[in-house]
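In what follows, a single structure is set out as structure tokens and then discussed.
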Amino acid sequence: MSVLKFLEKNFELILLAIMLAVFTAMMFLNVVLRYTMGSAVVWGDELCRYCLVASTFLSIPIWIRRRSGIRVDAIISLLPGGIQKALDLVVHILLLITFGYLFFVCISVYQTIEESGQVSAAMRMPTSWLYMIVAFGFFLSIIRILQVIVIMARECRQAGRSEKD
């Protein structure tokens, strides 16, 4: 498997694994320091909070790619296959529009906060970085939605060819 193919399938998972490792190590360190030394790393809780927020928005592209989002499909499952696929396509197009809008809103918020020069309380990190991570999660979601739409189009084309044979 080529490196690009590996990254295409696992990029978000690698980022999530790194954040989970940082989150776990920081929490463990703070717990040990609190019980042994009576105090903890001041910025540790803030780092863990940022890792948690980032992991939330980086998990969205994973469920999109795997088509495993939570949905109620009791009525949809009663419909014929062609209509189910059409509704699935409509849902993905609506997701594309929604995440596209959210991406541009995040960029706008990022620019506003970047201009203000606001920094986090403990880490003294620019707060705008957090909004850039959220925008990056939406950007990856848009890419994954486009991938799913292309895959759905290929599946429909192949289904059409097999029906003609």
Side-chain angles (χ1 to χ4, degrees), residues 1-24 46-120 125-165:
M1 180 184 318
S2 72
V3 174
L4 288 177
K5 210 172 222 184
F6 176 79
L7 284 176
E8 191 273 324
K9 288 187 178 192
N10 300 305
F11 180 69
E12 295 94 347
L13 292 172
I14 292 168
L15 292 177
L16 287 172
I18 291 169
M19 281 187 282
L20 179 62
V22 168
F23 181 89
T24 304
E46 192 171 292
L47 176 65
C48 289
R49 193 174 318 118
Y50 286 168
C51 285
L52 186 62
V53 169
S55 66
T56 300
F57 288 97
L58 290 176
S59 65
I60 296 170
I62 294 170
W63 67 255
I64 290 171
R65 185 179 193 290
R66 294 181 177 180
R67 299 185 199 182
S68 62
I70 298 174
R71 58 184 169 182
V72 179
D73 60 356
I75 296 173
I76 294 172
S77 63
L78 299 174
L79 299 172
I83 295 175
Q84 286 181 15
K85 289 179 183 179
L87 285 175
D88 200 21
L89 179 63
V90 168
V91 166
H92 280 85
I93 290 171
L94 290 174
L95 281 173
L96 181 65
I97 293 167
T98 303
F99 287 139
Y101 173 75
L102 291 172
F103 172 74
F104 286 110
V105 168
C106 281
I107 294 298
S108 174
V109 171
Y110 165 80
Q111 290 170 340
T112 303
I113 293 176
E114 184 69 26
E115 290 170 3
S116 75
Q118 182 179 355
V119 294
S120 64
M125 178 184 90
T127 310
S128 59
W129 290 5
L130 185 61
Y131 289 92
M132 185 51 69
I133 291 171
V134 173
F136 183 63
F138 287 132
F139 177 73
L140 289 176
S141 298
I142 290 167
I143 291 172
R144 295 301 187 184
I145 291 171
L146 291 171
Q147 285 178 327
V148 168
I149 289 172
V150 167
I151 290 169
M152 291 168 64
R154 285 182 186 159
E155 288 172 353
C156 286
R157 195 173 327 138
Q158 287 175 351
R161 286 181 189 161
S162 65
E163 288 177 6
K164 290 180 182 177
D165 294 339

Trace of the side chain to side chain contact (heavy atoms under 4.5 Å, CB included) decision for Leu146 with Val150: CA-CA 6 Å; Leu146 291 171; Val150 167; 5.6 Å; no

Atom pair [atom1]/[atom2] of [X] and [Y] - distance to nearest 0.5 Å:
X: Ile18; Y: Leu13; atom1: CD1; atom2: CG; result: 11.0 Å
X: Phe139; Y: Phe99; atom1: CZ; atom2: CZ; result: 14.5 Å
X: Leu15; Y: Asn10; atom1: CG; atom2: CG; result: 11.0 Å
X: Glu12; Y: Leu7; atom1: CD; atom2: CG; result: 10.0 Å
X: Ile145; Y: Ile93; atom1: CD1; atom2: CD1; result: 10.5 Å
X: Gln111; Y: Met132; atom1: CD; atom2: CE; result: 8.0 Å

Do any pairs count as a ring pair (Phe, Tyr, Trp, His ring centres under 6.0 Å) and have a residue in residues 50-95, sequence neighbours left out, and if so which ones?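 The answer is Phe57-Phe138.
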
Specify the closest pair of heavy atoms between [X] and [Y], including all atoms of both residues, with the distance to one decimal.
X: Ala135; Y: Ile107; answer: CB-CD1, 3.9 Å
X: Met19; Y: Ala54; answer: SD-CB, 3.4 Å
X: Gln84; Y: Ser77; answer: NE2-O, 3.2 Å
X: Leu58; Y: Leu140; answer: CD2-CD1, 3.8 Å
X: Val134; Y: Cys106; answer: CG1-SG, 3.5 Å
X: Cys51; Y: Val22; answer: SG-CG1, 3.9 Å

Worksheet entry | Listed partners of Glu8 passing side-chain hydrogen bond (donor to acceptor under 3.5 Å, both in side chains), at least two apart |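 Counting only residues at least two positions away or on another chain, Glu8 forms a side-chain hydrogen bond (donor to acceptor under 3.5 Å, both in side chains) with Arg65, Arg144, Gln147.
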
Considering residues at least two apart in sequence or located in another chain, which fulfil the side-chain hydrogen bond (donor to acceptor under 3.5 Å, both in side chains) criterion with Ser128?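 With sequence neighbours excluded, Ser128 shows a side-chain hydrogen bond (donor to acceptor under 3.5 Å, both in side chains) to Glu114, given in chain and number order.
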
Check: Ignoring hydrogens and geometry, is there a side-chain-to-backbone donor-acceptor pair from Ser59 to Thr56 under 3.5 Å?
Finding: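 Answer holds: yes.
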
Q.
Quick check against the 3.5 Å criterion: does Ser141 have a side-chain atom that pairs as donor or acceptor with the backbone of Gly137?
A.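 Checking the backbone N and O of Gly137 against the side chain of Ser141, a donor-acceptor pair under 3.5 Å is found.
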
| Taking side chain as C-beta onward, heavy atoms only, is Ile113 less than 4.5 Å from Leu130? |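 Not touching, per the 4.5 Å side-chain cut-off.
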
message: Could you go through Ile133 and Val53, starting from their C-alpha distance and side-chain angles, then the distance that decides it, and tell me whether this counts as side chain to side chain contact (heavy atoms under 4.5 Å, CB included)?
response: CA-CA 9 Å; Ile133 291 171; Val53 169; over 6 Å; no

Basic-acidic side-chain contact under 4.0 Å: Glu155, Arg67
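Here Glu155 pairs with Arg67 in a salt bridge, since their nearest N and O are under 4.0 Å apart.
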
* **Heavy atoms from other residues, nucleotides or ligands near CG of Leu78 exceed 12 (cutoff 6.0 Å)** =>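 Yes, because the 6.0 Å sphere around CG of Leu78 holds more than 12 heavy atoms from other groups.
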
